[in-house]
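As structure tokens, the structure follows; a few thoughts come after it.
Predicted model only: the values in this text are computed from it and were never measured. Chain letters run A, B, ... following the sequence lines, proteins first, then strands; residues in each count from 1.
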Amino acid sequence: MTVARLGDWRRTHQAADIRPEMEGEEVVVMGRVGDIRDLGGIKFFILHDVSGFVQVTAPKQKTPQAILDQISKLTQESSVAVRGKVVRASQAPRGVEVVPSEIKILNLAETPLPLDPLGRVKANLDTRLDARALDLRRQEVRAIFRIKNVALQAIRERLLSLGFVEVHTPKIVATATESGAALFPISYFEREAFLSQSPQLYKEVLTGAFERVFEVGPIFRAEEHDTTHHLNEAISVDIEVAYATASDVMDILEDLIVRAFKAVADRCGSELETLDHRLEVPKTPFPRITYTEALQILEKAGVKIRWGEDLPTPAERKLGELVGGAYFITDWPLAIKPFYTMPKEEDSKLSESFDLMYDWLELASGGTRIHQHDLLVRQLKSKGLNPESFKSHLLSYRYGLPPHAGWGLGLDRLTMVLTGRENIRECVLFPRDRRRLTP
RNA sequence: GCCCUGGUGGUGUAGCCCGGUCUAACAUGGAGCCCUGUCGAGGCUCCGCCCCGGGUUCAAAUCCCGGCCAGGGCGCCA
């Protein structure tokens with residue numbers, strides 16, 4: 001069947017704004033069809049929009065046959081526009097309903113649907129992601145992205161108020177911006193290029209011009225990881241600050257995390273309830289333990305890690321149990337941090353670096369960066385990298401780049417913590433992992 | 001890439017251990033009919049499934065092998 005165009009119809013109200021006091025008013029509401037109940041002499045359907053829902057009621061006696069026929073054709077999740085009168089009705093959900101005088105079927109949903117949008121029968125994550133367009137209409141799923149949005153807004157507003165400039169660095173890059181980690185090669189006209197794995201080098205350079213910059217953007221990693229907390233495309237919140245050290249940017253990070261938690265706690269009560277998640281705003285200051293102390297804590301708990309090794313996942317989980325909540329691990333061995341990491345002045349085996357953990361999950365990492373050209377070249381070489389391939393980047397360090405520090409925060413991981421989800425795929429609209437490239 | 005577990009109607013599960021009683025069950029869904037107050041409506045009728053390939057066997061959803069896929073645990077990873 002053909003479906004109607006919108007034409008000159010416009011909403012007069014959102015569904016949730018239809019109230020019993022409006023009895024007798026003519027309204028136009030638009031949304032998607034939920035439950036349809038046909039009792040023979042009276043037909044009901046629930047119209048959902050972004051605000052909530054309202055019941056549309058068509059009693060046979062008072063409704064033209066053409067409209068009754070249209071209602072019989074409706075399928076769940078179809079888009080409709082309803083012009084009608086508001087009727088106060090104690091039997092109706094919310095005590096109010098719309099009795100239609102005209103209906104436009106704007107688009108009919110196919111049947112059967114690939115999953116139950118009302119969630120009465122749970123679907124597996126894989127099934128849900130295959131039908132993500134439908135899945136995203138579910139209340140729980142929308143709650144996740146509303147929370148993500150509120151958290152990001154809180155972070156962005158705070159950074160702007162601190163005088164940060166929001167920047168956008170290239171996502172198509174010529175060479176590896178960093179050591180070893182795999183990049184996605186792409187074809188750039190007649191040359192090979194790569195998808196950027198981090199805005200790191202660009203944001204450092206930008207401190208020379210803007211002093212305080214931040215970026216919210218995608219990062220791409222071509223690693224074949226297969227876990228609940230890694231994706232091949234993720235959203236990173238990155239900052240970089242001139243005339244600052246690791247400890248300064250840790251203070252900023254701590255403040256932002258608390259603000260994000262508070263914003264969600266204050267503004268997303270119903271979303272948290274929908275998700276059945278209790279959110280506790282972390283207390284400040286966050287514990288700051290050094291890498292070496294972390295190893296001692298682990299050793300006492302029977303987990304032995306050789307000094308100088310990165311923390312394997314099981315050790316992180318243990319640390320999450322022992323410390324818990326939001327905490328920093330600082331002063332990492334220089335050897336396991338990237339080449340641009342500043343060595344500690346008093347012990348060059350260590351670095352001015354930190355990870356922000358929440359329970360066992362690494363949310364952010366950062367530190368003081370090297371701003372001196374010659375030291376940077378030495379560090380590149382000691383990592384087995386060729387300074388030649390960083391030539392254009394190194395140029396920036398010859399023009400008096402200020403000392404600077406910064407961090408990168410995984411927004412999708414932060415969303416996991418804020419929503420209590422255990423799989424990062426839940427927290428990304430259209431996730432990209434080792435096997436999933438669609439939708 | 002490794003380990004564990006799994007793959008049964010559109011969706012979610014039971015059945016598998018112990019092969020036959022499975023032309024596969026339950027819920028939800030879909031198609032249709034009845035019903036003027038439903039609100040996870042109710043009643044009736046119907047529809048729809050054993051991941052792919054190979055093997056064992058008189059007989060395979062069930063046992064074995066391989067593949068693919070999924071969930072989890074690792075690894076990898078700024």
Side-chain angles (χ1 to χ4, degrees), chain A residues 34-46 53-63 68 72-73 75-77 87 89-97 99 109-131 134-135 138 176-183 196-201 219-232 234 236 238 310-317 332 336-341 351 353-356 360 362-367 369 383 406-410 413 422-423 425 433-436:
Chain A
D35 279 325
I36 306 163
R37 293 188 202 95
D38 183 350
L39 274 66
I42 186 166
K43 297 178 199 294
F44 305 96
F45 69 90
I46 305 295
F53 72 91
V54 68
Q55 176 167 280
V56 178
T57 303
K60 202 171 181 177
Q61 299 289 317
K62 300 178 197 159
T63 312
L68 294 172
S72 323
K73 275 184 229 150
T75 54
Q76 208 176 104
E77 291 302 315
V87 174
S90 58
Q91 316 97 307
R94 296 182 40 238
V96 69
E97 59 198 13
V99 176
E110 287 180 11
T111 59
L113 295 169
L115 50 81
D116 173 12
L118 297 175
R120 286 167 197 153
V121 178
K122 290 220 183 319
N124 290 323
L125 182 57
D126 193 49
T127 306
R128 290 173 41 208
L129 291 176
D130 282 342
L134 257 191
D135 183 51
R138 295 173 49 230
T177 47
E178 300 218 13
S179 49
L183 296 164
S196 166
Q197 62 167 290
S198 156
Q200 181 64 32
L201 303 181
I219 56 173
F220 304 93
R221 310 243 160 122
E223 296 296 333
E224 299 194 1
H225 33 50
D226 191 5
T227 77
T228 53
H229 50 287
H230 287 85
L231 289 174
N232 295 293
S236 174
D238 269 88
D310 208 346
L311 298 182
T313 308
E316 288 180 320
R317 287 186 195 274
W332 290 78
I336 56 173
K337 284 290 168 183
F339 69 89
Y340 49 77
T341 308
S351 64
S353 62
F354 61 87
D355 281 6
L356 172 68
W360 61 276
E362 179 191 327
L363 293 185
S365 65
R369 326 296 194 180
K383 295 271 176 193
W407 44 253
L409 165 71
R413 286 191 182 180
E422 278 168 9
N423 192 318
R425 280 156 260 251
D433 65 28
R434 176 71 190 90
R435 290 185 191 81
R436 182 173 289 279

Could you go step by step and tell me if V87(A) and T57(A) meet the side-chain contact (heavy atoms from CB on, under 4.5 Å) rule? CA-CA 9 Å; V87(A) 174; T57(A) 303; over 6 Å; no

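- Here C69(B) presents its C1' atom at 12 Å from CG of D433(A), a figure rounded to the nearest Å.
- Stem list for RNA chain B (at least 3 consecutive Watson-Crick or G-U pairs, distances under 3.5 Å): B:1-7 with B:68-74, B:10-13 with B:25-28, B:29-34 with B:42-47, B:51-55 with B:63-67.
- Position along RNA chain B of the nearest nucleotide to P114(A) versus E362(A) favours P114(A) as the more 5'-ward residue.
- No side-chain donor-acceptor contact under 3.5 Å links D355(A) to the backbone of E362(A).
- Straight-line distance from the CG atom of L183(A) to the P atom of C77(B): 13 Å, rounded to whole Å.
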Name the pairs: protein N/O against N/O of nucleotides 73-75 of chain B, kept only if under 3.5 Å.
residue	atom	partner	partner atom	Å
G73(B)	OP1	R317(A)	NH2	3.3
C74(B)	OP1	R317(A)	NE	2.7
C74(B)	OP2	R317(A)	NE	3.3
C74(B)	OP2	R317(A)	NH2	2.9
C74(B)	N4	D226(A)	O	3.0
G75(B)	OP2	T313(A)	N	3.4
G75(B)	OP2	T313(A)	OG1	2.6
G75(B)	O6	D226(A)	N	2.9
G75(B)	N2	E224(A)	O	3.2

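- To the nearest angstrom, P of U11(B) lies 14 Å from CZ of R128(A).
- Remark: T313(A) engages E316(A), R317(A), W360(A) in a side chain to side chain contact (heavy atoms under 4.5 Å, CB included) (not counting sequence neighbours).
- Nucleotide G12(B) holds its P atom 8 Å from the CG atom of L115(A), rounded to whole Å.
- In this model, the phosphate group of G71(B) is not approached by any side-chain N or O of N423(A) to a distance below 4.0 Å at OP1 or OP2.
- Partners of N423(A) under the side chain to side chain contact (heavy atoms under 4.5 Å, CB included) rule, at least two apart in sequence or in another chain, are L125(A), T228(A), R425(A), E426(A).
- In this structure, T75(A) contributes its side chain and A109(A) its backbone to a donor-acceptor pair below 3.5 Å.
- Looking only at distances, a side-chain donor or acceptor of E223(A) sits under 3.5 Å from a matching main-chain atom of A182(A).
- If you take CG of D135(A) and C1' of U11(B), they are 12 Å apart, rounded to a whole angstrom.
- Protein atom CD1 of I46(A) is 12 Å distant from nucleotide atom C1' of G40(B), rounded to whole Å.
- Atom CG of L125(A) is separated from atom C1' of G12(B) by 14 Å (rounded to the nearest Å).
- The backbone N or O of L115(A) sits nowhere less than 3.5 Å from a side-chain atom of R128(A) that would complete a donor-acceptor pair.
- A search for side chain to side chain contact (heavy atoms under 4.5 Å, CB included) contacts involving N124(A) returns T127(A), not counting sequence neighbours.
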Generate the contact string for nucleotides 28-36 of chain B. Rules: B means base contact, S means sugar-phosphate contact only, - means no protein heavy atom under 4.0 Å. SSSS---BB

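- The backbone N or O of H225(A) sits nowhere less than 3.5 Å from a side-chain atom of R434(A) that would complete a donor-acceptor pair.
- Contact annotation for E97(A): base contact, defined as any heavy-atom pair under 4.0 Å involving a base atom.
- In this structure, K383(A) contributes its side chain and K337(A) its backbone to a donor-acceptor pair below 3.5 Å.
- Between K337(A) and S90(A), the residue anchored nearer the 5' end of RNA chain B, judged by the nucleotide with its closest heavy atom, is S90(A).
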Chi angles and distances behind the side-chain contact (heavy atoms from CB on, under 4.5 Å) call for D116(A), R138(A): CA-CA 9 Å; D116(A) 173 12; R138(A) 295 173 49 230; over 6 Å; no

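- For the OP1/OP2 pair of G6(B) and a distance below 4.0 Å, the side-chain nitrogens and oxygens of N124(A) include no atom meeting the criterion.
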